[in-house]
Amino acid sequence: MRLPDARAHLLTNATADRYRRTLMDGVERVAARIATTERPFTGITPDRLAAEVGAVDLDRPLGDPLAALDELENVYLRDAVYFHHPRYLAHLNCPVVIPAVLGEAVLSAVNSSMDTWDQSAGGTLIERRLVDWTAARIGFGPAADGVFTSGGSQSNLHALLLAREEALAAVALPRAEVLPRLRILASAAGHFSVQKSAKLLGLAPDAVVTVGVDADRRMRPGALHRELVRCRERGQIVMAVVATAGTTDFGSIDPLPAIAEQCAAAGAWLHVDAAYGCGLLVSPTRRHLLAGIERADSVTVDYHKSFFQPVSSSALVVRDRQALRHATYHADYLNPARMAEQRIPNQVDKSLQTTRRFDALKLWMTLRIMGADAIGALFDDVVDRAAAAWDMLAEDPRFEVVTRSSLSTVVFRYLPTGPGRVHADAVNLHAREALAASGAAVVAATKVDGRHFLKFTLLNPETTVEDIAVVLELVARHAGHYIDRVTTPMLACNAR
Ligand SMILES: *Cc1c(COP(=O)(O)O)cnc(C)c1O
């Protein structure tokens, strides 16, 4: 390719027209695909798709966007998993709101980087406004601050880094002596990023202590109290209690006021992981479920879960901005200390990342076009739908359903009767796989007390009660076929 041709692909003042045409071609392609998606997934196997992707010669460019889009149909668009389809009921993936997609297109074209003011200007101020806005929704005071991150896992890691440093600063002993004594208390229903963070933070292998839960999978304050006492007796230092406001599996919300009370008494950092439950911050009817969150030291919010934002969009918000200093480093080439003295707002002073996307713009466009109440109403819809799904399952003798979620998950399993009963685990595993392979619907799987269960995570307001009923029939049918196979000796023989 000659140099002038290559330059024609750069987005510059000379190529604005090409940018417009190319993007329109892409938008047309995606719009057509989204409008005509009949199933959430085609059920293609990794091997078959790998052959298509592997056959592309990356050293032979097609030159033409339309040709590349045609090829993209085969390697991606045709077989992608579509979260906007009403029978995608699996993980914490939301359909996205159009204002946020508009923000995404703008932010990647302008390509601001959020590390320093001199790479973003207005982007920095917009992100700060949104952090302040979120902090106010949480109920934090004027000392609050925070930063956007890539996701809940990173927000949790960041929070626990701050908590670790605060704990280390509070005891006048060498770090090496204190580190192995640090403990994090979290319930078993908490997110695995807490364990990963503990490892990254150099804590002991057994640093994360599991606190017992009640029948609704919420942390028991009595159990928390016992673990706090036990840690103290063993000479361990509780650097953080992680409460979850919306557990990934059960949508359960730990009793925040009682936990905050104990953290205050024990002098422990309270981190509230609201990666999933943050949608309640804008719910017109359910904000009270987060009562007590304002007493946290740090909060994780994932806008890309319950604010209907495209990946990625998350934030860590802290009650007292002083804590953010633990991630502050100055570099002559980027953010020399004198800039802070001049009060030049450099977000890198608070962030674990350096070059960073202007993800905040998506939420900004969402709030400016739709508003917070509209987002909250969408989230309320899916929470209502999950309650209806739970009722439906509770009345259906073919299924067993566990704890009623405060949010939008439903954990259940098909319960075979008679001789099939011993195969309950395998039946549910099979039903999920067969359903995904058919592409008719996608549901998730998890384990409850060692047994295999299925899970709906509802985040699409377009999913109707009827959709849910249809998916349950499909689950029952796949389960029935499997039971027939394993309990009919002839058929079992043939299957082998
Ligand atoms: C999804 C989730 C996370 C992790 O967030 P990512 O954005 O996937 O990194 C953390 N905590 C909870 C409770 C979650 O549901």
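Note that these values count all heavy atoms, side chains included, but never hydrogens, waters or copies made by symmetry. Counting convention: from 1, in listed order, for ligands and their atoms alike.
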Looking at [X] and [Y], does any basic side-chain N land under 4.0 Å from a carboxylate oxygen?
{"X": "E73", "Y": "R29", "value": "yes"}
{"X": "R87", "Y": "D467", "value": "yes"}
{"X": "D145", "Y": "R128", "value": "no"}

Could you go through ligand 1 and list every pair where one of its N or O atoms sits under 3.5 Å from a protein N or O, giving the atom names and the distance to one decimal?
{"residue": "ligand 1", "atom": "5 (O)", "partner": "G152", "partner atom": "N", "Å": "3.2"}
{"residue": "ligand 1", "atom": "5 (O)", "partner": "S153", "partner atom": "N", "Å": "3.4"}
{"residue": "ligand 1", "atom": "5 (O)", "partner": "D302", "partner atom": "OD2", "Å": "3.1"}
{"residue": "ligand 1", "atom": "5 (O)", "partner": "K305", "partner atom": "NZ", "Å": "3.3"}
{"residue": "ligand 1", "atom": "7 (O)", "partner": "G152", "partner atom": "N", "Å": "2.8"}
{"residue": "ligand 1", "atom": "7 (O)", "partner": "D302", "partner atom": "OD2", "Å": "2.7"}
{"residue": "ligand 1", "atom": "7 (O)", "partner": "H304", "partner atom": "NE2", "Å": "2.8"}
{"residue": "ligand 1", "atom": "9 (O)", "partner": "G152", "partner atom": "N", "Å": "3.3"}
{"residue": "ligand 1", "atom": "9 (O)", "partner": "S153", "partner atom": "N", "Å": "2.8"}
{"residue": "ligand 1", "atom": "9 (O)", "partner": "S153", "partner atom": "OG", "Å": "2.7"}
{"residue": "ligand 1", "atom": "11 (N)", "partner": "D273", "partner atom": "OD1", "Å": "3.2"}
{"residue": "ligand 1", "atom": "11 (N)", "partner": "D273", "partner atom": "OD2", "Å": "2.6"}
{"residue": "ligand 1", "atom": "15 (O)", "partner": "T248", "partner atom": "OG1", "Å": "2.9"}
{"residue": "ligand 1", "atom": "15 (O)", "partner": "K305", "partner atom": "NZ", "Å": "3.0"}

Heavy atoms, side chains only, cut-off 4.5 Å: are F456 and L472 in contact? yes
Can you give each donor-acceptor pair under 3.5 Å made by side-chain atoms of residues 269-279, sequence neighbours left out, with the distance rounded to 0.1 Å?
{"residue": "W269", "atom": "NE1", "partner": "S298", "partner atom": "OG", "Å": "2.8"}
{"residue": "H271", "atom": "ND1", "partner": "S298", "partner atom": "O", "Å": "3.3"}
{"residue": "H271", "atom": "ND1", "partner": "S298", "partner atom": "OG", "Å": "2.8"}
{"residue": "H271", "atom": "NE2", "partner": "N156", "partner atom": "OD1", "Å": "2.8"}
{"residue": "H271", "atom": "NE2", "partner": "T300", "partner atom": "OG1", "Å": "3.1"}
{"residue": "D273", "atom": "OD1", "partner": "A275", "partner atom": "N", "Å": "3.1"}
{"residue": "D273", "atom": "OD2", "partner": "N156", "partner atom": "ND2", "Å": "3.0"}
{"residue": "Y276", "atom": "OH", "partner": "S408", "partner atom": "N", "Å": "2.8"}
{"residue": "Y276", "atom": "OH", "partner": "S408", "partner atom": "OG", "Å": "2.7"}
{"residue": "Y276", "atom": "OH", "partner": "T409", "partner atom": "N", "Å": "3.4"}

Does K305 qualify as a cation-pi partner of Y303, given the criterion of NZ or CZ under 6.0 Å from the six-membered ring centre and within 45 degrees of its axis? no
